[in-house]
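Before any comments, here is the structure.
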Amino acid sequence: MIKWLFSLVDIIILNSTYVVSMLLCGGKMAMNIRLVWLLLNLSYVIVAYFRSDIHDRRVLYADHVAMHALRSVGLHAAIFLSIITFLGIILPLKGLVLFYSLFAVAMVLWWFTSRKVIKLYRNHGFNYRNIIIVGQGGSTHRFVEEVGGDLGYGYRILAIFSNGECDFPRYHHGSIDEVEDFVHNNSVDELYCAVPDSNNGITPKLLRIAEDHAIDFYYVPQLGPTVTRNFSLLTFGNVPVMAVMPHPSQNPFNRFIKRSLDLVVSMVVLALFPFILIPVAIAIKATSPGPIFYRQKRTGYRGKEFWCYKFRTMEANETSDNQHTTRMDPRVTRVGRILRHYSIDELPQVFNVFKGDMSIVGPRPHMVQHTEMYRDLIDKYMLRHVIKPGITGWAQVCGYRGDIDELWKMEKRVECDVWYTENWNFMLDIKIILLTVYKAFKGDQNAY
């Protein structure tokens, strides 16, 4: 019922925003045309048909929710406006512009709210799916952590089956031979198979068990932790083929959207920059000798080097180009420590953004020497350079910043950076910007 209840609210929002828009723009006459009301709602029925699974999806991140909502509004506009234009129905232009503006905002807010409501509902033990997982190894381990790590997804793991030791003692464990008896004696909704298809015919056997007991069957491919890109499934005759989806940055329209966001944000910040520069410059010059700004060669888009600008936060030294900053680093000045804590030292990089060397959001640019070192130590390290580096990034808002005294810390950053390059969308950038602003006001303990 949840899907239909949420869709009903969609319809209510559609009609409410239309009424408000027409009343505010003097379109009372348009509200008396019954055919318009019919077409308005019929257009959304068509949209709901093509996007009917949106309220069924259990795993959907906030940026994707916003994108789906905006696409639904855009699709409705294309259908509704095409029909009324074809029929010669004239509606106030101002009313239509206001209507779709309000409709877009209301739908994004409602879909955010509905996701929160359903996650809260599931956290209390309702609307869940009973699942079992068959397999062991890296893919199984990552899948269990993802599914079991958030009750809001609405999955209840009943058991994990494998022919080896189980890494999750909190779940019931059995051998693969026990799957059929378990399914027969328990209410299971979904079966996830993370066993290689060539493994002694286990996959066909599990598929038959799922079919015999009317259970949804899902296959978890055996992929490494750094393979995070989306795939599309193709078939050549009876042979399934997984095609890697291209990076979002390869789409010219996506590049245009991202560059437009960079220019808008950088120009706004540059307009306000003097109000920040004057007090910061006075503080830097008053507490330590040396220039206000500091520049350093960093690795940028496609491995191209560029000069990256920052407010100077250290005393003059000869190690800044090859040594990471550590906690309580003696090179950092008193003012510099404050600037770093609130990420103010990164603000001059808006000049790099305006020039086109950087983006507002993207993988943080590394020193050239560190790029040469880590490219040989970390798998897929250079994939983080398929888009422009950023002032802030997904790794930073996820907490991966600060000292890199162990290799795994850089590996986690690279993992986040690669995920970002492969899953970029406009709303994800907005989300990262908002989280960055929040962390800047709050102060980051890992920024030093």
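Values below: all heavy atoms of this structure, side chains included; hydrogens, waters and symmetry mates excluded.
For the pair Arg364 (side chain) and Gly390 (backbone), a donor-acceptor distance under 3.5 Å is present. A donor-acceptor pair is defined here as one N or O able to donate and one able to accept, closer than 3.5 Å; such a pair exists between the side chain of Lys285 and the backbone of Gly290. No donor-acceptor pair under 3.5 Å is formed between the side chain of Asn254 and the backbone N or O of Gln250. Formation of a donor-acceptor pair under 3.5 Å by the Tyr153 side chain with backbone atoms of Tyr128 is not found in this model. When atom types are taken as modelled, the side chain of Lys258 and the backbone of Val361 share a donor-acceptor pair closer than 3.5 angstrom. Looking at Ser343, its side chain never comes within 3.5 Å of a backbone N or O of Leu339 through a donor-acceptor pair. With Asp357 contributing its side chain and Phe306 its backbone, the two residues share no donor-acceptor pair below 3.5 Å. A donor-acceptor pair under 3.5 Å is formed between the side chain of Arg312 and the backbone N or O of Pro291. The main-chain N or O of Val418 is found under 3.5 Å from a side-chain atom of Thr421 such that the two form a donor-acceptor pair. Distance alone, capped at 3.5 Å, is enough to place a donor-acceptor pair between the Asn352 side chain and the Tyr309 backbone.
A 4.5 Å side-chain heavy-atom check between Val414 and Tyr374 finds every atom pair outside the cut-off. Using a 4.5 Å cut-off on side-chain heavy atoms (C-beta onward), Leu14 and His76 make contact. A 4.5 Å side-chain heavy-atom check between Glu305 and Arg298 finds every atom pair outside the cut-off. Between Met427 and His64, the closest side-chain pair of non-hydrogen atoms is not below 4.5 Å. Taking 4.5 Å as the limit, every side-chain heavy atom of Met410 sits out of range of all side-chain heavy atoms of Met373. Tyr44 places none of its side-chain heavy atoms less than 4.5 Å from the side chain of Ile13. Under the 4.5 Å side-chain criterion, counting only non-hydrogen atoms from C-beta, Lys304 is not in contact with His385. Contact check for Arg413 versus Cys398: no side-chain heavy atoms found under the 4.5 Å cut-off.
Across all non-hydrogen atoms, the minimal contact from Cys193 to Phe217 is CB-CZ, 3.6 Å. Residues Ala106 and Thr17 share a closest heavy-atom pair of CB-CG2, 4.2 Å. Shortest non-hydrogen contact noted between Ser162 and Gln136 is CB-OE1, 3.3 Å. Taking every heavy atom of both residues into account, Met358 and Cys308 meet most closely at SD-SG, 4.2 Å. Closest of all the heavy-atom pairs between Arg259 and Lys355 is NH2-C, 4.1 Å.
Under the 6.0 Å distance and 45° angle rule, Arg115 does not count as a cation-pi partner of Phe112.
Residue-environment remark: CZ (Phe143) exceeds the threshold of 12 foreign heavy atoms within 6.0 Å. Residue-environment remark: CD (Glu145) exceeds the threshold of 12 foreign heavy atoms within 6.0 Å.
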*Tell me, with the steps shown, if His366 and Thr299 meet side-chain contact (heavy atoms from CB on, under 4.5 Å).*
CA-CA 6 Å; His366 291 165; Thr299 306; 5.6 Å; no
*Go through the steps for Arg122 and Leu151 under the test side-chain contact (heavy atoms from CB on, under 4.5 Å), then give the verdict.*
CA-CA 7 Å; Arg122 290 167 181 160; Leu151 293 176; over 6 Å; no
*Test log, rule ring-ring contact (aromatic ring centres under 6.0 Å, His included), inputs Phe311 and Tyr294*: CA-CA 6 Å; Phe311 281 124; Tyr294 169 74; over 10 Å; no
*Lys431 and Trp394: CA distance, side-chain angles, deciding distance, side-chain contact (heavy atoms from CB on, under 4.5 Å) verdict*: CA-CA 10 Å; Lys431 175 182 178 179; Trp394 184 240; 4.1 Å; yes
*Test log, rule side-chain contact (heavy atoms from CB on, under 4.5 Å), inputs Val386 and Arg302*: CA-CA 6 Å; Val386 300; Arg302 298 291 181 183; 4.0 Å; yes
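Phe6 and Trp110 have their aromatic ring centers within a separation under 6.0 angstrom.
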Show me, pair by pair, the donor-acceptor contacts under 3.5 angstrom made by side chains of residues 266-282, not counting sequence neighbours?
residue, atom, partner, partner atom, Å
Ser266, OG, Asp262, O, 2.7
Ser266, OG, Leu263, O, 3.1

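Using a cut-off of 4.0 Å between Lys/Arg side-chain N and Asp/Glu carboxylate O, Lys380 and Glu422 are scored as not salt-bridged.
Side chain to side chain, Asp189 and Tyr155 fail the donor-acceptor criterion of an N or O pair below 3.5 Å.
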